[in-house]
Every structure is written in structure tokens, then in C-alpha cells.
Amino acid sequence: MPNIYPKWTNTAPLKLIASLLLLVGTVVAGVTYYATPKWTEVGYEPVQPVAFSHYLHAEQLGMDCRYCHTYVDRSGHSNVPGANTCMNCHNQVLANDDRLAPIRASYDSGEPVPWVKIHNAPDYVYFNHAVHVNRGVSCVECHGQVNEMEVVYQAEPLSMAFCLECHRNPENFLRPPDEVYNLNWQAESATAQLEMGEQFVHDWKVQPPQSCSGCHR
Amino acid sequence: MKRKFHHPEPTDRELAGPRYWRSPEELADTPEFRTLLEREFPEGASESTEADRRTFLKLMGASAALAGFGLTGCRQPKEYILPYSKQPERIVQGVPIYYASSQPVSKGNIPLVVETHDARPTKIEGNPSFVPFGGGTDSYAQASVLDLYDPDRLQKSFSKGGKTMTQAAVLTQLSQLNEIYAKNGGKGLAFLAEPSTSPTRARLVAKLKQAMPDALWAEYEAIDTGNPDRAAKEVLGKDVRPVYDFAVAKRILAIDADFLCKEPGHLGYSRGFSKGRKVKTKDEAKKMNRLYAVESDFTITGGQADHRKRLATSHMAAFTALLLAEVIEQTEGKGELSDTIRAKAEGLDFDPDWIKTCVADLVAHAKKHQSVVIAGSHLPVDVHVLVLAINDYLDGIGYTVQYLETPANDAASLSDLAAKLEAGDVDTLVILGGNPAYDAPGDLDWPLLQAQAKQRIRFGYYEDETSEFSDLNVAANHYLESWGDGRTLDGVYVPVQPMILPLFDGLSELEFLQIIVKGASQADQGYGLVRETFATISGKSGDVAFHAWLTEGVLAGTGFKSIGKYDEGKIGVAIGKSLSRADFTVPE
């Protein structure tokens, strides 16, 4: 009987499957690494209209977060302060400094200062600041060490996996309510954190939603 | 290969007929036009600039690749946070603030609680402090918040010809009006307004009549629901209004009356009716109310009715007469009166047994004052006189139906104003709200009448049919941005409170009237006037009482008083009068 098929067809299927696996694997790995919020969003550090340094104000001067971010414990939205909050000090401190010109312009004209938004949750997700902050979740858990940032950058991916990490195990991340705004606080050890966290979860009946409709309302 | 079409040569007939052309150039048949015909593509189209096809594709491919995965393809788009320049007190972004107010309606205001976000009204709900309505609103009240943001609303006052006017110019013109008419006692000045429950406006109108006694104040609304009140005034001799209590009524007959959905006060009536409907166990079933409805249309009330009959509106008068006759026969006995009435209502095609059974049911519950008959407010006055008589025979007055004493309203009617306009006695006609050019009765021919006035000033919300014929159109404010007050259907004093400064250059109604009546306004959207009225009605003039009223949204103890005892002899007289002057026979 003559050879109908050429010789190379013997190894062709194997080669095809192998190369396909390699290709698909590369694509999946590439997407997982490069196309998820951990790569695309962490480290986002846009240039702001005014070079505001959280390190100076929050760490060195010791101002509480809530002096400016006033509604973080009262509303679902956390707010960025209006120019009047800045002018409380800066009508005397560095009153004519060039770097503060946009603030003074905003205060005089009524136009807002165009701060660039860094931490952005999509519209199909419901997130309530007050609930988290009042229940022992500190700023650092989601925003990183803001008190050491000269320029604010996004420190955590804020993806669904990131949120679920805490929602599934809140005892790893809770702290006493009066230490929520103390960004330098740390538990003594991992076991101490777990012990304390589990105590809080029990005492305060912490039940973070894990079903879809908890956030996708 | 290009297909060549061989069109047939034009025939002689076609050549002799009219030559149709598609452009002036074709008609002129210029040499340029002929070359244009020859060339398939106009000049410049077939030559490419620099690149040929290959280069073009290369460039396009590269750009597509770069755009997709290049520099900013996967980056999050730049978004801005725009905070306040000066953060206002008390406003927490994301947390709404609620204000009590009321929607001005001609018969009775609806008390509201308005939700505001960032100082902008967003959602309207009823005020549960007003117990009869229990926090209910109708669809018009719900929709009224959108009127505030209507892009079609007047943003600036304008004079004839569309010339916009500043508010200062409007105020000047209006105070000039006051100067002229204060001197001559109002001769030649006429007003046409929509009815309002506002005691403050009534106070201003009284002041107007004092300062300008010859001025005419007329009130008119497109859909008139005043017949029950007129009938009651005729019979009982006082300004009264029937208000029903369906919670205590066990047997109800509705004559062309959609009291669950359309009649004034339906918000309270549907609540009361539902209470009467509610039974918790099978044994309580006997306590459930029963509704008979005779109607000419498909209505909610008819849908809820236990027994419903269909009857044309023009036959309702005859039906009511037969009903009265049957009620008289079953309560007092057959006699001359019932025979006269039956004779009047000849020719009605309606099942007499139905009437008999219905009346028997109503009469059986009359002992405990649990029966009531209600007629639709569009039915003639004489029907309402008969219905009042029926309710009197059923001993319902004071129980299932209350006659509340309302403040006297001596406003002129639209026909009085029309007569004055025809006679040429009106120099300045001021129209407050409404749209008479659109909805005044057609036989008046209002646009022609309006033209008889020498100067026409219109205070309104939209540019509409009436504003077309007006010399000055003053932009009105929405009730959510003005101060005012009002009364509910049963007389409880409620505020109209603004929760946002006027969005545009308009005036609120009280301010507008104040300028014409007093010569100047306090520029406070009517606040000062309302405070004065509140002090008079409540007897308390401090801030505490006023703010309590604004917080609660109702002032307890200010409801209209019931008429109490009345002379039953008047009823017999009224029946006789109605029978003699009205025609109860069924039309052909």
C-alpha cells in the first residue's frame, strides 16, 4: 500500500498540542500578571495640581486624617477637603507661597482644585467608607502608609480578590477603633493580631458580606 | 468592465414637454456642468497625496497596534475629584437632609417630606405627621420634583417680542403698577389667579381689596371640583366642604365618584377605605365594608367595588333622583314626595331591584351611622343637593361625612372677568399661573378677550399659549424654592418651605403679589409674610414655635371645624328647589 500521508504527520498532532499549550499558557500568564489591577493600578502616582505631602502634614505635623477627610466616618463617600480647610492654616502659614497658588485661587474664585483621583472603585461596586472605618479597618489596610507618602500613590490593587481577602478573614485586619487613624500602629505579633481580631469579630458581630449582592447592588 | 447602459432616446413627446432640471447649473447648461457630467470623479479625488496604498496600510496597522496595547491603552482614564471651594455647613456628601414642605394644590395641599442631596431636592415622599394621608402622595406630587429641573421652564422674565428683562427691571415695572393703581383705587386693574389654600395669599388679597377697592380679583381653574361645596352652601347656608371618613363607613355607594383615585382628598379616602376592608380572621368577615359603584368609566373605585353598574354620566341625575325616592320610601315610607321624585326621573333604564337592594343595605346600616353616598365632583350641583339629602336620611352627616366650615372666598368668577373685559373696563390684566388661553371655556374665546385689556402681565412657569398674548412675562419660582403656606383638604395649616435658593431669576407668588399690593417686596421669597401669618394663626410669634412647625410640617389643632347641628328642614326645601329647577329626565 502506498504512503498516503507524508512522514511529518506522525509528529504533527503532538507538536500542535505542545505549541498550543505553550501559547495559551503564555497568554494566560501574561494576562494574569500584566492585565490585573495588581499591575495596572498599584503604583499609580499621578501629578497633583498642588504638591501636597501627607508625610509633612500627617506624620510630621501630626494632623489627624479626619481634619481634612471629614466625612470618612459619617458617609459612604470619603471627601477631599475644600479649599477652606487648607486656608485655615495657609492664610498665615506660607501665605504667599507659589506652590499654594491653586488653593488660594480656588478659595477666591469658588472653582474647585482639580485633584486627580487615584483610588477608584468601579460604578458597579457599592463601597461605604463609614462602615469600614467605624468597624476597625484602618486607612493603611487599603491605602497603604499614606503618612509616609510625599506624593500619594495607590498601594493596594483594590480588586475583588483584595476585598475578599479581608471579607473572608476579617480577624487578620481589624484593630481597636481608637487606633484606626493611627497609621503607625501594628499588632505585637501575628498571633496577637489573630487573637484580638477574633475577639472583635465575636464582640461586634462583624459579618462582612461575601455574597455577590453585598457589593454588586 | 463598466456596464454601459443604453437608455432609449427621448421621444418627441418627451422633448416637447417640460424639461426637469436638478440643479441651476443643469438648467443653465454651462460648459463646466457638461465636463462634470463626463468625469466620473470630481477633480482631485483620484489622485492620492503622498502615500500609496501599501504605505497607508502599514501606517494604519502600526497605529492600531500601538493604540491597543501601547502607552495609555490599559491605564485607567484620568478622573478628577472636584471638592468644594468653601465647604457648606451641615451638608455631608452622601447623606441626605430631609425637609418638610407641602405641594400647593387648589383644593388642599399635600404635606410632603422632601429628600435633598447636596442641597438639591431629589425625592418627594409624603409627610406621615399628617395622619389622614399617612405619608401618601399622588403621582403629580412625585413628579413635581422634576418640574424644578425642567429645561423648558422660564429662566428669565421677558417682555413682548422675546426681549429678556432683568429682575430689577421687572420689580421696577411692577412697583410702578402699584403706584398707578394705589392712587385711583384700582380702577381698571383685574387679576385672574388659580385658587389657592394659602392664608398668606388670602391676606394679601384682602389687603389688595382694601387698598384698591375697584380692582377685580377672579379665580379660575381648568378642572372645577367645586360643585359639592356649592351644593352644600346652598342647602346649609354656610361655606362648607364635605369630607368623607371611609374608615367608619361600612356601606358605601359611589355615584360616578372615583374617590379612591381622582376625587380631591383621595389620598386620605383610599387609606380609610383600606382600613375598612381589612379583616384578620374569618369571623371578622362580617365587619368588612361593602362598596357599590355606579360609574360611566373604568376606574379604580369601580375595580374595587363589590357591586358595580355601568351608567352614562348624563343619566346619573335621574339615577340619583330614583335613589333618593327609594331612600325616602324605605326610611319614612311611600308618599307624595317620593312619587314626585319618581315622576321627575322618567325613562331611566336601570334595574330597579338593584336600587332596592342597595338602598336596603344602606338603610340597614344607617342606624349605626355607617352608610354613606358620594357623588363625583363633576356632576351637577343639583345631584349633589340630592346626595346631601340622601346622606341626611341615612344619618351619615357628622359620622361618615363631615361638613367642615371653610373660610369664605369671595373671589369673582371667570365669567365676571370676561364681562368686564368685554365692556373694556380692564386696563391691566394680571394673570397668576394657570393657562387660560389654553383651557378657558371655548365659548369665551379667551385670546380675543385677553386682547381687550390694554396691558397684560403674566406670572407663569412656562412659555405657553397665554404668554404669547402677554406684554410682560414674569418667571415664576417652583414651590420647592419659595416660601408659602397652605391648608390641607380638612384645614390643617402646613408650610411650603424652600430647600434651595431660586435656581433662576424668578419671583415667588407671594413676592409678586406683595410688590403689586404694597409697592415693594422684602426680597425674601415670601418668608416675612409667612411668619406673620403663622404668628396670627398659631398665636406664637417666636422662633421656637415657627421652627417646630417647619420641622413637623403640620400645625396641630388648626383643622376646619365641623358644622355640627344643622336645620333638617332646609333639606326638604333644597330638594324641592332642585326638583323644580333642574331637569332629571334622561336625555334622548
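Every heavy atom of this structure was used, including side-chain atoms; hydrogens, water molecules and symmetry mates were not. Here is the naming used below: chain letters follow the sequence lines, and residue numbers restart at 1 for every chain.
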If you count heavy-atom pairs under 4.5 Å with chain B, which of Arg74(A), Lys117(A), Met87(A) comes out on top?
Lys117(A)

Looking at Asp97(A) and Arg104(A), is there a salt bridge between them, counting it only when a charged N and a carboxylate O are closer than 4.0 Å?
no

Please classify the contact of Val113(A) with chain B as side chain, backbone, both or neither, using a heavy-atom distance under 4.5 Å.
backbone

Closest-packed option against chain B by number of heavy-atom pairs under 4.5 Å, given Thr85(A), Val80(A), Asp108(A)
Val80(A)

Between His129(A) and Tyr71(A), does the ring centre distance come in under 6.0 Å?
no

Below 30° counts as parallel, above 60° as perpendicular, anything between as tilted: where do the rings of Phe52(A) and Trp115(A) land?
perpendicular

Side chain, backbone, both or neither of Pro114(A) within contact of chain B (heavy atoms, under 4.5 Å)
both

Report yes if the distance between the aromatic ring centroids of Tyr67(A) and Tyr181(A) is under 6.0 Å, otherwise no.
no

Interchain contact, Ile118(A) with chain B, by part (heavy-atom threshold 4.5 Å):
backbone

Sidechain-backbone polar pair: Ser138(A) side chain, Val180(A) backbone, donor-acceptor under 3.5 Å:
yes

